[in-house]
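To keep things clear, I will list the structure first and then write my remarks on it.
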There are 2 protein chains.
Amino acid sequence: MSGFEEREAAWIALNQTRTRLFSRAERALVAAGFPRLHWYDVLWELERAPDGLRPKQLEQQLLFDQSSFSRQVARMAEDGLLTRHAAAGDGRGKVLRITDEGRTLRRQMWDIYRKHIDEGIAEAQKLGAFAPILNLND
Amino acid sequence: MSGFEEREAAWIALNQTRTRLFSRAERALVAAGFPRLHWYDVLWELERAPDGLRPKQLEQQLLFDQSSFSRQVARMAEDGLLTRHAAAGDGRGKVLRITDEGRTLRRQMWDIYRKHIDEGIAEAQKLGAFAPILNLND
DNA sequence: ATAATTAACATGTAAATGCATCTAAAATGA
DNA sequence: TCATTTTAGATGCATTTACATGTTAATTAT
């Protein structure tokens with residue numbers, strides 16, 4: 001049985017580990033002239049959806065603010081990373097699809113992101129950062 | 001020995017769990033008329049430092065951007081949550097100290113934050129969200 | 001000692017965020 | 001069917017962010 005303090009400790013560990021890795025990966029991406037990680041997330045979800053996705057759907061999945069996401073999509077469309085078609089059967093909506101350019105960018109970003117995930121998780125492990133999470137299960 | 005794909009999976013789990021919990025807690029705080037969680041983080045670090053902290057130190061610990069943190073501190077000072085004294089022995093620097101008002105706000109925010117940590121971690125556990133992290137250790 | 005470099009923090013500015021609001025199109029229901 | 005409500009997405013606007021740069025003080029090198 002894990003008490004409350006263990007959940008707190010697990011959260012702190014979780015949060016610190018993720019923040020550190022995320023921050024380093026973003027810095028590396030920006031330093032290499034690439035966009036930030038939330039661009040990556042959008043590209044990744046779109047790449048996994050061959051039939052495209054509705055903005056609302058993606059926005060909720062990625063926990064974006066609605067208006068921010070609307071503009072995010074506009075920026076990415078302007079950069080040629082995705083297209084916005086009118087949604088068949090729903091005159092209000094759009095369907096987003098990744099472009100070849102988007103796929104290429106995602107792959108390039110992944111090369112950097114992957115390295116940081118590998119290093120960051122390995123380091124966290126070595127530092128025992130996951131111990132509080134493991135402790136939840138006793 | 002854990003291979004690379006396991007680190008990826010652990011990262012995805014980590015990231016999703018933290019993002020979800022963080023997002024919910026922030027929504028709840030804002031809905032209750034409180035500031036966002038990075039305000040909380042600053043207050044918490046200051047509360048644990050009876051002699052105060054230098055902005056640079058805090059900024060690096062919390063992985064803030066330098067200029068953003070400078071303005072963040074200015075806002076919090078304006079709201080009476082912390083004070084900025086000249087640093088003894090360093091004419092360039094400041095020392096930040098939490099105020100009583102800051103302590104009160106932190107405690108109020110914690111009541112909400114704590115609940116979300118408890119629920120969020122418990123839910124993640126129930127959903128098996130930590131499995132990929134546990135898998136790292138086989 | 002003093003000149004050159006580095007460090008701490010602030011600020012100008014352009015871009016991003018998020019709340020409130022708007023428009024147009026479904027869905028609901030009387 | 002026609003009026004009401006809800007939903008998808010865009011946009012105006014004030015706040016926030018982050019890069020670049022400025023200012024002042026400490027450190028280092030000559």
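All chains are named by letter (A, B, ...) in the order of the sequence lines, taking the proteins before the strands, and each is independently numbered beginning at 1.
The separation between B:Leu29 atom CG and C:dG18 atom C1' is 16 Å, rounded to whole Å. Rounding to whole angstrom units, CD of residue B:Glu78 and P of D:dT15 are separated by 12 Å. Between the P atom of D:dA18 and the CG atom of A:Leu37 lies a distance of 13 Å, rounded to the nearest Å. Between the P atom of D:dA18 and the CZ atom of B:Arg75 lies a distance of 11 Å, rounded to the nearest Å. The interatomic distance linking B:Glu26 (CD) with C:dT17 (C1') rounds to 12 Å, in whole Å.
For D:dT24, the base has no donor-acceptor partner in the side chain of B:Arg92 [N/O atoms by modelled type, under 3.5 angstrom].
The structure places CG of B:Leu96 at 12.5 Å from NZ of B:Lys56, a figure rounded to the nearest 0.5 Å. Distance check, rounded to the nearest 0.5 Å: CG of B:Leu82 to CZ of B:Arg75 gives 11.5 Å.
In the region residues 48-74 of chain B, proximity to DNA chain D at under 4.0 angstrom, judged on heavy atoms, holds for B:Asp65, B:Ser67, B:Ser68, B:Arg71. Near DNA chain C, defined here as any heavy-atom distance below 4.0 Å, the residues from residues 82-91 of chain B are B:Arg84, listed numerically.
Residue whose closest nucleotide on DNA chain D sits further toward the 5' end, between B:Trp39 and A:Arg27: B:Trp39. Along DNA chain C, the nucleotide nearest to B:Val30 and the one nearest to B:Val95 differ in position, and the one closer to the 5' end is contacted by B:Val95.
Between the side chains of A:Tyr113 and B:Trp11, a donor-acceptor pair is found at a separation under 3.5 Å.
Residue A:Arg36 places at least one side-chain N or O under 4.0 Å from the OP1 or OP2 atom of D:dC19. The side chain of B:His38 contributes no N or O atom lying less than 4.0 Å from OP1 or OP2 of D:dT16.
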Please list every donor-acceptor pair under 3.5 Å in which a side-chain atom of residues 87-95 of chain A meets a protein atom from a residue at least two apart or in another chain.
| from | atom 1 | to | atom 2 | distance (Å) |
| --- | --- | --- | --- | --- |
| A:Asp90 | OD1 | A:Arg92 | N | 3.0 |
| A:Asp90 | OD1 | A:Arg92 | NE | 3.1 |
| A:Asp90 | OD2 | A:Arg54 | NH2 | 3.0 |
| A:Asp90 | OD2 | A:Arg92 | NH2 | 3.2 |

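Between A:Glu47 and A:Arg106 there is a salt bridge, since at least one side-chain N of the basic residue sits less than 4.0 Å from a carboxylate O of the acidic one. A salt bridge is defined here as a Lys NZ or Arg NE, NH1 or NH2 lying under 4.0 Å from an Asp or Glu carboxylate O, and A:Glu119 with A:Arg24 fails to meet this definition.
Using a 4.5 Å cut-off between side-chain heavy atoms of Ile, Leu, Val, Met, Phe, Trp and Tyr, with links allowed through other members, A:Trp110 and A:Met76 fall into the same hydrophobic cluster.
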Verify salt bridge (Lys or Arg N to Asp or Glu O under 4.0 Å) between B:Lys115 and B:Asp118, making sure each step is shown before the conclusion. CA-CA 5 Å; B:Lys115 222 176 47 187; B:Asp118 192 25; over 6 Å; no

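Atom CZ of B:Arg97 sits in a crowded spot, with more than 12 heavy atoms from other residues, nucleotides or ligands closer than 6.0 Å.
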